[in-house]
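If you're wondering where the values come from, they're calculated on a predicted model, not measured in any experiment. Convention: sequence-line order gives letters A, B, ...; per-chain numbering from 1.
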Amino acid sequence: MSDSRTSFLKSEDWWAVILGTLLFLLSMGAFMGYDLLGWVASPKMWGTLSGAVAPVAAGLAGKVSGATALVLTYVLILGVTSIGAWTMGARMGRYAAGFTVIFFLTYLCLILGHQGNVAANKPADIEKYGGWSLRLTGEAGFILSLALGLIIGNFLPRLARALGEATKPEWFIKTAIVLMGADIGVKAAAQQELAAAIMFRGFCAIVEAYLIYWALVYFIARRYFGFSREWAAPLASGISICGVSAAIATGGAIRARPIVPVMVSSLVVIFAVIELVILPFVAQAFLYKEPMVAAAWMGLAVKTDGGAIASGAITDSLIRAQAQLSQGVEYKEGFMLMTTTTVKIFIDIFIGVWAFILAVIWCGFIDRKPGERVRAVEIWHRFPKFVLGYAALFVVFLFICLMNRDLIGRAQSVTAETNAFRTLFFALTFFSIGLVSDFKRLWQEGIGRLAAVYVICLFGFIIWIGLAVSWLFFHGVKPPVVS
Amino acid sequence: METTPRISDELKKMEREEILPVEKKLVVWSLVLGIGLLGLLVWLSQTFFDVQ
């Protein structure tokens, strides 16, 4: 088998595209009038456990029990992810066992997060559950997934290792992002002007991450912490751009030893978890009157795709709950998440170009070696391929809905199903991020100096510049209101 | 058996390197370009994509 074909089949990015597209195509049955996946499990707000899970198609409620829907969903997702995991070289017995545990523990968290007294945020719903609620919305399940993952990752290391073969947060979130393309396409068709404005404002993220954050972090790491170029460049990319993939791309571009971006990446993941736990709640408290500023802020400040999109999802639900409570305004779901995703994806797509620029500078001016040239094809090699899946699904549904606006309703029945999968992959991401975030090991490794740069840059200016730029571009932009 | 290197050991091994003029240029030009482009994008977004 050729190298390019082997790397294609071993790539999490391509498997996210394949998996997302496959689930989307199966969901398209609903568009044609043949609902193939109406039985997929969807968590519901509940007072008694029997109502905690139901098929996503309302017409199947009562015909397919929640437990049956859950088991069928597990079998489907295990089946399709197993093909990808096998092709990527996973040991299948361990993968299947690990995935089974991760799936059911994650779903348990989703169910607990949807309990009425935890999730209800509309007055009528709160009344149904005894008159009180934490008002966290169903996304509380994500926070519980993360918490349970962190507990296992840090206090039950043997169990975490046993689940390791199926712990794939990057794959899960990239699949969720591909699936999100369809939903955002429909939303963009329904709100063209707003969607165009959000897309255009996404460019600010590229400028900020690559030209401002990167330059500042690199200079601080070199000038004040005495880091070598080999460490400072991947560290700057990890902190400024997109965590793991940026650190690895930069490490490759400047010919750093492989160990350097790996170590930087482990730090990035830990800090993304800290941001994920703190920033959405800060946004809820101070930015509920400026929802899109909060959403863009998550995309600009939280590193790693998983951490950023997860923060966007929590921010979306927390701010909608707060706006309803404080202002009596009910924003439509998903537009804040759309903003976070757009910002993050705009940052992601430039990684290849940035790695190419760094490679040219290092090759031509810093580590000059006779006869060495940088090839433009490197841009493609570094390009995050899952973005292609996201863009394809986005364009397909945008095109369909713009051609015939009467089809928006049918398209929404498709995205109801893709959203059920997306929620599941989000939750799996949260749980997996927790599992891989081993605070104790990193502390024992002696991360002090590396972490010091990270803390100073992150809390010293990344968060604040991110907030200022988000404000500059998104203040006054509001999600549509439920009529 | 080969052991995985520890971050602290790797950081101790790191030698201090002078900042080269090309690095300073990279930082300065990135910031100048970044601030300029942000200004341009703010103007463009408020002029052509204003949804307030």
Could you state the interatomic distance from CZ (A/R222) to NZ (B/K24), rounded to the nearest 0.5 Å?
10.0 Å
Decide side-chain contact (heavy atoms from CB on, under 4.5 Å) for B/S30 and A/W214; before the verdict, give the C-alpha distance in whole Å, the side-chain angles of both, and the deciding distance to 0.1 Å.
CA-CA 8 Å; B/S30 293; A/W214 195 94; 5.5 Å; no
Enter the distance from A/E208:CD to B/L41:CG here, rounded to the nearest 0.5 Å.
11.5 Å
Quick one, A/L472 with B/L38, criterion side-chain contact (heavy atoms from CB on, under 4.5 Å). Give me CA distance, side-chain angles, the key distance, then yes/no.
CA-CA 10 Å; A/L472 201 59; B/L38 277 181; 5.7 Å; no
Contacting moiety of A/I361, where chain B heavy atoms sit under 4.5 Å:
side chain
Distance (rounded to the nearest 0.5 Å) between B/R16 CZ and A/F225 CZ
11.0 Å
Less than 4.5 Å to any heavy atom of chain B: does that hold for the side chain of A/F203, its backbone, both, or neither?
both
Please classify the contact between B/V22 and chain A as side chain, backbone, both or neither, with a heavy-atom cut-off of under 4.5 Å.
side chain
When rounded to the nearest 0.5 Å, the distance separating CZ of A/F365 from CG of B/L26 is 10.5 Å
Please walk me through it: do A/R229 and B/L20 pass side-chain contact (heavy atoms from CB on, under 4.5 Å)?
CA-CA 10 Å; A/R229 285 181 282 273; B/L20 299 173; 3.6 Å; yes
Structural part of A/V469 lying under 4.5 Å from a heavy atom of chain B
side chain
Can you see which heavy atom on A/V207 is nearest to which on B/G34, and at what distance?
CG1-O, 3.2 Å
Options A/S228, A/A196, A/A197, A/G226, ranked by heavy-atom pairs under 4.5 Å with chain B, top entry
A/S228
Closest heavy-atom contact between A/W231 and B/M14?
CD1-SD, 3.3 Å
Chain B contact via A/R223 - which portion, at a heavy-atom distance below 4.5 Å:
both
Side chains of A/Y218 and B/E23: does their closest heavy-atom pair fall under 4.5 Å?
yes
Got a sec: does the CD of A/Q327 have more than 12 other heavy atoms crowding it under 6.0 Å?
yes
Taking atom NZ as the centre, does A/K478 end up with more than 12 heavy-atom neighbours from other residues, nucleotides or ligands that are less than 6.0 angstrom away?
yes
Drop me the distance from A/L211's CG to B/L31's CG, to the nearest 0.5 angstrom.
8.5 Å
Heavy-atom distances under 4.5 Å only: say whether B/E17 touches chain A with side chain, backbone, both or neither.
both
Proximal component of B/L44, with respect to chain A [non-hydrogen, under 4.5 Å]:
both
